[in-house]
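Here's the structure we're looking at; comments come further down.
Counting convention: from 1, in listed order, for ligands and their atoms alike. This one's a predicted model, so the numbers in the text were calculated from it and none came from an experiment.
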Amino acid sequence: MVSELETTKTIKLPSLDISKPLHLSSLSSLSEACKEWGFFQITNHGISKELYNKIYSYSNDLFTLPMETKLKLGPSSFLKTYTPHFIASPFFESLRVSGPDFASSSQASIDVLLSSSTQMIEFSEILQEYGRKMTEISKGILKLILMSLGEDFSTKYYDSEFKNCHGYLRINNYSPPKNLEELKEAEGLGMHTDMSCITIVYQDEVGGLQVKSKDGKWMDILPCEGTLVVNIGDMFQAWSNDKFRSSEHRVVLKKEVNRFSLAFFWCFENDKTVHAPDEVVGKENLRMYKQFVCVDYLRFRENNEKGICSRQFNLHLMNFTTTRTRTWAVVSEKGKGDCAKEDHDSLISSAAYSIEETQPDVDIKHLQVAELPERDFTGTPYVPVYVMLPLDTINMECEIVDPDGLSNQLKILKSAKVDGIMVDCWWGIVESHIPQQYNWSGYKRLFNIVRDLDLKLQVVMSFHECGGNVGDDVHIPLPHWVTEIGNGNPDIYFTDKEGRRNHECLTWGIDKERVLRGRTAVEVYLDYMRSFRVEFDEFFEDGTISEIEIGLGPCGELRYASYPANHGWKYPGIGEFQCYDKYLMKSLRKAAEKRGHSFWGKGPENTGSYNSMPHETGFFRDGGEYNGYYGRFFLGWYSQILIDHGDRVLGLANLAFEGTPIATKTASHAAELTAGFYNQCNRDGYAPIASMLKKHGATLNFTCVELRTLDHHEDFPEALADPEGLVWQVLNSAWDVSIPVASENALPCFVKECYNKILENAKPSNNPDGRHLSAFTYLRLGQTLMETDNFLEFQRFVQRMHGKSISI
Ligand SMILES: O=C(O)CCC(=O)C(=O)O
Ligand SMILES: [Fe+2]
């Protein structure tokens, strides 16, 4: 899977003994190395092998924790210090520790991972000591590098330019694929440049670090005991006006053992203005970069990388969840699949931002780097903003829990010019005990409050269970009478091949089966919707209800329940097919007979389990059965069931709510095939869904996971978004057939950067047809949003979504 398989040469980097006074000759070889390679080594740094062994052993204890535990620090968590597999590469995971207080940073992460973390106190202390030493060494090395750039540059520029630098540490763990022998080698970390000023790397004896030479050849940097590798990062390259190189490097795994490395990044402060002094630029005065602010450079990269066709990826895009993982469902380590390979490559082996490569023209570089003020949305299209109500607004007795508090909060929302609110009408609350006895009372009261405030309502017909997963604080099961039926006939639920049932929602296999006390599932949904329509007639008539969203599957999303946390699924497992209830199996058998191959009337084999990786399974691996005759038949049938369900229920919803816009929700998923999205190299799995929605005039509400991706850290932000990939595909499948797309954020959002991200997605600046989201739903109303600063920021966001000039 490594692109260049030609034999790599080994490079002998110059070594600097940092314990000794400096010789002029060392300075010149340092300067040579920085110009030629951007890499050199240091020895006698005072850090013992024992210390590394200890760090290794403690980190190993953390990396061997279950993925579920580690993800408590993952891209969607609060701390975001853990980067799981499949983000930078399938074989790479890491843990970040920020300075200057390395001890509390590491302790904060440990506390999240382990309930009793006292045995780890030593680990935090060691990391504090290591961070402190690295800080000291970085300062010293920067001075040496400055001296090697110009005789008195250290005295002249160290204090004025580099004294506010700060550091962070990343503990990297590489686990090679099981079939490494067959593959020969695998890319542990794709080609990238570092965004730091300098980076200091410890690699263990396994080796694998490679640097790219000026003429494009990969060179091995062999591990050498007692030696650390130092490399120049993008920031120093820019500051030195390209005198010193920030070279592309990568990690290649050639041995079937885990590899451990520690990288220490020494970085400019975010608000630092990077501007090479005239003297550094030199007499010829050919300035390579206009001055720029460090953080703008990050935004620039982020913007640059989100271009539709952009295939620029960077290792340091680490603090995000990415829809990109979808490709792993079909990609093998050989990376043979066509389009899958493209994504795969872009993620782990394309260059990270390289100042030279992506910006050959100096002027463009100047413009793009320097001029990135916050986008002005004045005069842009009006995108309505709705706010989702808290899950516990209405209790199981269908009463508003705190009518006065809610009313006050809604008034405040109204003052921010919010367009309306979104609320779930839970099946499990309204029709909880007796079939066709609906209790809408709490909702009635709520809708009156909303109408009195002249807010609009988006109402969700929620036919799924709310919560029920680990950590969910609100739990609204399916109606009691339905679960009773389920006790006697568990086949009413989605079922996996081991026969495990999923109680989140009903299987689509009973859409037309009279198993719900004489009614089919679809009739039950229709009766519920009709009851709602009749009960709230006046709210339809006066336009208070502006949209009805129809829940079509688990979490209200049109997808199979293929990756339930309560069955032990963990990111980024492939999930399991959910077609083993007797009704769907009957449908599969019928389809097989119709095709003339009755023996195809069974589920696929060798599909692994919830947490398998594609390459571990006969079905999903590259060249696997998924693409054989039977595989294609099965996947076609499976995804058609999803489309038919949507088609059926939306058709009825249109009957029930004639004249009122309807919508449905989907989301991007790690495990596309098992979720029912037959989306592969040669197929656009979203196009048929878009056509089906189009037929019903439905809006697509897309839970845009990308909206969660921008996070700012107090240290050099690594968090950059990945707005392309699946989101791009889904949006455009919808826009291609002219169906409106609405969206909502998946995770809490309170800061400007996050709102900017939403705005950019809502009204993409580069869309030639001026496409934009039809509406946005903010998740969700709560105390934190009401805090003054947060609320002011939110208010500003609403104004910009409305295309108004900002008055606050
Ligand atoms: O693991 C290594 O040896 C290098 C890691 C690296 O390049 C990085 O973390 O930026
Ligand atoms: Fe690196």
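In this structure, Arg250 has no heavy atom closer than 4.0 Å to ligand 1.
Side chain of Lys20 to main chain of Asp17: no donor-acceptor pair is present (N/O by atom type, distance under 3.5 Å, no hydrogens or angles).
With ligand atoms numbered from 1 in the order given, ligand 1 contributes 10 (O) to contacts under 4.0 Å with heavy atoms of Asp194. Near Ala263, meaning under 4.0 Å from one of its heavy atoms, ligand 1 places the atoms 9 (O). The distance from ligand 1 to the heavy atoms of Ser261 drops below 4.0 Å at these ligand atoms: 1 (O), 2 (C), 3 (O). Proximity to Asn172 (heavy-atom distance under 4.0 Å) selects the following atoms of ligand 1: 1 (O), 5 (C), 9 (O).
A ring-ring contact (aromatic ring centres under 6.0 Å, His included) with Trp239 is found for one member of Tyr289, Phe292, Tyr157, Phe268 and no other, namely Tyr157. Of the residues Thr193, Leu13, Val201, Ile198, the one that meets the side-chain contact (heavy atoms from CB on, under 4.5 Å) test with Asn231 is Val201.
Between Tyr202 and Tyr52, the two ring planes are parallel [angle under 30°; tilted spans 30° to 60°].
With a 4.0 Å cut-off on non-hydrogen atoms, His249 touches ligand 1 through its side chain and not its backbone. For Val229, no heavy-atom contact with ligand 1 is shorter than 4.0 Å.
When NE2 of His249 and OD1 of Asp194 are joined through the Fe ion (ligand 2), the resulting angle is 90° to the nearest 10°.
Taking the charged nitrogens against the carboxylate oxygens, Glu187 and Arg250 do have a contact shorter than 4.0 Å, which makes a salt bridge.
The option with the heavy atom closest to atom 4 (C) of ligand 1, from among Leu262, Val251, Asp204, is Val251.
Using a 4.5 Å cut-off on side-chain heavy atoms (C-beta onward), Leu114 and Leu65 make contact.
The distance between the ring centers of Phe91 and Tyr174 does not fall below 6.0 angstrom.
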